[in-house]
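It should be emphasised that the depicted structure is a prediction, and the values quoted were computed from it without experimental measurement.
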Amino acid sequence: MKYTQLGRTGLKVSRLVLGTMNFGPQTDEADSHAIMDAALDAGINFFDTANVYGWGDNKGRTEEIIGNWFAKGDGRREKVVLATKMYGNMAGDGVAAWPNHDKLSALNIRRSVDASLKRLRTDYIDVYQFHHIDRATPFEEIWQAIDVLVQQGKILYVGSSNFPGYKIAQANEIAARRSGTIGLVSEQCLYNLAERRAEMEVIPAAQDYGVGVIPWSPLQGGLLGGVIKKEVKGGRRASGRAADTLANPAVRAQIQSYEDLLDKHGIEPGEAALAWLLTRPGVTGPIVGPRTAEQLESALRAVELELGEDLLTGLDEIFPGPGPSPEAFAW
């Protein structure tokens, strides 16, 4: 495994981040524990989750599965850089949030941290992340709440998720005016070969502020994982967002060109998509969310995969990015 610093911090993390969203809804507890053991054995030390994972009436279940794994001991907790997120309503589907039981008020931040610590069976969270912006809560209030939690030893670093570039800047400028407040050190955003809008504002802002970029959905919901090839071979068909997108003839032709290019180079599509992200400026590491041990093994191969300049050029031709910012939207 290869490692890098998380943004401007001294925290060393693996170039792959183990996403746990499938633990509970898609993968049972025993298999989830086996995947986490395999990830740790392979050198992945950065695990990501969220308080709402488990979904529906089972929100919080994923954190509980991770907590039960930590409780097995053998240094599991000490070896893991643990990241979780908060923002959403923890009530079941269709149940409105009680006032102050969602978003980023100081009260809900405090309540959410304590609830996650209990489910995760740990006394601290390494990277505590805001899952979304809160338009109603000023960053002065947010940072005051975070400062208290850092002083209490309940969290060490703070990250964001799904923030626009201007909010990353605003959050860190306000933090800079507060003595001792470190500000955001990471940003989780939707970023992959097929979805490169983050290059317009989010990634430039993150780079300027020393914020590590952690792409989620690196395979665009399976679209970049060899979905057409799997269909032809009679394997698992695309579903959900990938299936809906693939129904567009132009997109299907684009994905076919992508798979043909990688077939010419003898590289699996999913591994190439992850390896491409590892070449991108500002990227700490993509989040991989395996449902099975086999999917984890495929993701691990991407870390060692070297993409030649001709292949990178070919990928850019198939999936052209917006270009440098601000010229991409200013001219």
Side-chain angles (χ1 to χ4, degrees), residues 1-21 39 42-50 79-87 104 124-133 139 142-143 146 149-150 155-176 181-193 195-219 273-289 299-300 302-303 321 325:
M1 179 53 60
K2 297 177 182 178
Y3 300 89
T4 189
Q5 307 301 123
L6 179 61
R8 65 187 183 281
T9 75
L11 189 65
K12 188 173 287 187
V13 294
S14 50
R15 296 293 323 266
L16 287 182
V17 184
L18 182 68
T20 61
M21 189 170 65
I44 296 178
N45 75 332
F46 199 4
F47 288 18
D48 176 74
T49 190
K79 293 177 181 178
V80 167
V81 174
L82 173 64
T84 192
K85 299 183 283 291
M86 61 81 60
Y87 173 87
L104 304 182
Y124 69 100
I125 294 163
D126 297 288
V127 185
Y128 198 56
Q129 302 162 114
F130 309 130
H131 216 157
H132 197 275
I133 63 169
F139 276 110
I142 292 169
W143 288 130
I146 292 300
L149 293 170
V150 171
I155 64 174
L156 301 180
Y157 303 94
V158 182
S160 58
S161 182
N162 306 307
F163 272 34
Y166 84 96
K167 279 294 182 181
I168 293 172
Q170 184 184 54
N172 277 2
E173 287 296 329
I174 292 173
T181 300
I182 192 172
L184 301 174
V185 303
S186 64
E187 158 62 18
Q188 284 190 25
C189 60
L190 176 60
Y191 184 38
N192 54 57
L193 270 167
E195 176 49 85
R196 296 178 60 170
R197 285 179 293 177
E199 296 174 2
M200 298 278 281
E201 294 269 5
V202 174
I203 292 174
Q207 288 184 279
D208 278 357
Y209 283 94
V211 172
V213 175
I214 305 170
W216 60 266
S217 195
L219 303 186
L274 292 173
W276 178 83
L277 280 169
L278 293 172
T279 71
R280 305 308 299 166
V283 169
T284 298
I287 298 174
V288 295
L300 288 167
V303 178
S325 175

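With 3.5 Å as the limit, one finds a donor-acceptor pair spanning the side chains of Tyr191 and Arg280. Glu173 and Tyr209 are linked by a side-chain donor-acceptor pair at a separation below 3.5 angstrom, with hydrogens and angles left out of the test.
Using a 4.0 Å cut-off between charged nitrogen and carboxylate oxygen, Arg197 and Glu195 count as a salt-bridge pair.
Ile287 places none of its side-chain heavy atoms less than 4.5 Å from the side chain of Pro215. Contact of the Val211 side chain with the Asn172 side chain is registered, since non-hydrogen atoms from C-beta on lie closer than 4.5 Å. Side-chain contact between Leu190 and Trp216: present, with at least one pair of heavy atoms (C-beta onward) separated by less than 4.5 Å. Between Ile133 and Tyr87 there is no side-chain heavy-atom pair separated by less than 4.5 Å. For the pair Ile155 and Tyr124, the minimum side-chain heavy-atom distance is 4.5 Å or more. When side chains are defined from C-beta on, Leu300 counts as touching Ile44, because their heavy atoms get closer than 4.5 Å. In this structure the side chain of Asn45 never reaches within 4.5 angstrom of the side chain of Val80, judged on heavy atoms. Within the 4.5 Å cutoff, the side chain of Met86 has no heavy atoms near those of the His131 side chain.
Taken to the nearest 0.5 Å, the CD1 atom of Ile168 stands 9.5 Å off from the CD1 atom of Ile203. For the atom pair Lys85 NZ and Asp48 CG, the distance stands at 3.5 Å (nearest 0.5 Å). One finds the OG1 atom of Thr284 at 12.0 Å from the CG atom of Leu16 (value rounded to the nearest 0.5 Å). Atom CZ in Phe46 sits 11.0 Å away from atom OG1 in Thr4 (nearest 0.5 Å). To the nearest 0.5 Å, atom CG of residue Leu149 and atom CG of residue Leu156 are 11.0 Å apart. Annotation: the span from Leu82 atom CG to Phe47 atom CZ amounts to 9.0 Å, rounded to 0.5 Å.
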Fill in: Intermediate values then yes/no, side-chain hydrogen bond (donor to acceptor under 3.5 Å, both in side chains), Glu187 and Ser160
CA-CA 5 Å; Glu187 158 62 18; Ser160 58; 2.5 Å; yes
Discussion item. One pair to check against side-chain contact (heavy atoms from CB on, under 4.5 Å): Val127 and Leu6. What are the steps and the verdict?
Written reply: CA-CA 10 Å; Val127 185; Leu6 179 61; 4.0 Å; yes
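The backbone N or O of Ser161 lies less than 3.5 Å from no partner atom in the side chain of Gln129, so there is not a single donor-acceptor pair.
Checked against Ile146 for a side-chain contact (heavy atoms from CB on, under 4.5 Å), the options Phe130, Phe139, Tyr157 give a single hit: Phe130.
The two atoms that bring Ala198 and Pro204 nearest to each other are O-CD, 3.9 Å, heavy atoms only. Of all heavy-atom pairs between Ala299 and Val288, the closest is CB-CG1, 3.9 Å. Counting all heavy atoms, side chain and backbone alike, Ala302 lies closest to Leu278 at O-CD1, 4.1 Å. Residues Gly183 and Arg8 share a closest heavy-atom pair of C-NH2, 3.9 Å. Across all their heavy atoms, Ala50 and Thr84 have their closest contact at CA-OG1, 3.4 Å. Between Val213 and Ala206, the shortest heavy-atom distance links the atoms CG2-CB, 3.7 Å.
Within 6.0 Å of NZ in Lys2 there are more than 12 heavy atoms belonging to other residues, nucleotides or ligands.
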